[in-house]
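Comments concern the structure below.
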Amino acid sequence: MASLSLKHIYKKYPGGVTAVSDFNLEIKDKEFLILVGPSGCGKTTTLRMIAGLEEITEGELFIGDRLVNDVAPKDRKIAMVFQNYALYPHMSVFENMAFGLKLNKTPKEEIKRRVEEAARVLDITHLLDRKPKALSGGQKQRVALGRAIVRHPAVFLLDEPLSNLDAKLRAAMRTELTKLHQRVGTTFVYVTHDQVEAMTMATRIVVMKDGLIQQADTPQNLYDNPVNIFVAGFIGTPQMNFIKGTLEKKDEDVYFNFENNSVKLPAEKAKNPALAEYIGKEVIAGLRPECIHDTPMQIAALQDSTVEAYVDVTELMGAEINLYLNIGEETKLVARVSSRSTSRAGDTIQVALDTSRMHIFDQDTERCIIH
């Protein structure tokens, strides 16, 4: 088992392209850490530097207490699971899983014991004699995981391992991976662009953009307390609503004004000293879809923050409905409401904005001022 320490890591390519900039992170032993971000943000490059498949341009990488910048991939005690499984088509499942151990001249009895143990954990014992072409995508993924498990690595590295699976199988494999992490008790570093995978599996998420860490935190803290507009918009489905407006102070109260509407901020937000310098200035408010309500009871309870909206489209999601709303000429919002909602496309309705859960962002820096 091992912790990881990345200190001021850079990856620069010829031609002045910097893929990863000043990456600093401590990954705890047995942690399930997920690197998430849009394509091209540097997450896979970071994973490949940990694996030793990419050379580190600057900085230091420690696995446990050992500096591994110049250590060959095979000597780092890591195992990597790729997006495309990379199974040998002419070998059986048993032979694929045993291949790395054979290269290391592990005794035959030990190889058999380890492969059978990993197959039992992954529920693929009945597949050991099959060739990869006779396996489904989910089964191939389990074999790729098994090949990694048998090596008893200190760190598992997983590069978008579920992206080739269909939606139902992906959901099932997310659960399996979480169980596997708990069973093997090893450090997992996992790369994905799918924030649902990140939110459901990780003990901690690192959100990246343009080679830089934006925020590293628990899934709940990322969702509730994003540091900037990028993180706020990236985490959550549907994404957070952003509303341009101005702050106005009347006596002791503070109001957020937009599109001829004025909603009152709760007293605890109004008294926050961080807001003082933004009174009279343009800001961006952020509100999650589930914080916009259309029931009479919620509208009555939030009278100081009720606005009129036109329902453009409704999207039935089973237990919930997404309402796509237009407010004024520029403001478009998505509300996540109960499936019992009577709001329909073409209606003009009243909606209540739960300002106690509203985030206020600086318009220029896009940093969060208050949560």
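Since this is a predicted model, take the numbers as computed values, not measurements.
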Evaluation steps, side chain to side chain contact (heavy atoms under 4.5 Å, CB included), between Glu290 and Arg357: CA-CA 10 Å; Glu290 63 270 22; Arg357 296 176 65 187; 4.0 Å; yes
Quick one, [X] and [Y] - any side-chain contact, counting heavy atoms below 4.5 Å?
X	Y	value
Val81	Gln141	yes
Gln139	Leu127	yes
Phe188	Glu31	no
Lys77	Ile63	no
Leu333	Ile243	yes
Lys264	Ser262	no
Glu58	Ile9	no
Val150	Thr106	no

Answer yes if the side chains of [X] and [Y] hold a donor-acceptor pair under 3.5 Å, and no otherwise.
X	Y	result
Thr192	Asp194	no
Asp294	Ser341	yes
Thr45	Glu54	no
Glu60	Asn69	no

So does Glu117 pair up with Arg120, basic N to acidic O under 4.0 Å?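 No salt bridge links Glu117 with Arg120.
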Can you tell me if CD on Glu268 sees more than 12 non-hydrogen neighbours from other groups inside 6.0 Å?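 Yes.
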Checking side-chain contact (heavy atoms from CB on, under 4.5 Å) against Tyr310, which of Thr348, Ile349, Ile327, Asp347 comes through?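 Answer to the side-chain contact (heavy atoms from CB on, under 4.5 Å) test with Tyr310 among Thr348, Ile349, Ile327, Asp347: Thr348.
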Could you check whether Tyr88 and Phe99 have their ring centres less than 6.0 Å apart?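 Yes - the distance between ring centres of Phe99 and Tyr88 falls below the 6.0 Å cut-off.
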Quick check: does any side chain N or O of Thr178 sit under 3.5 Å from a backbone N or O of Arg174, one acting as donor and the other as acceptor?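 Yes, Thr178 side chain to Arg174 backbone: donor-acceptor pair under 3.5 Å.
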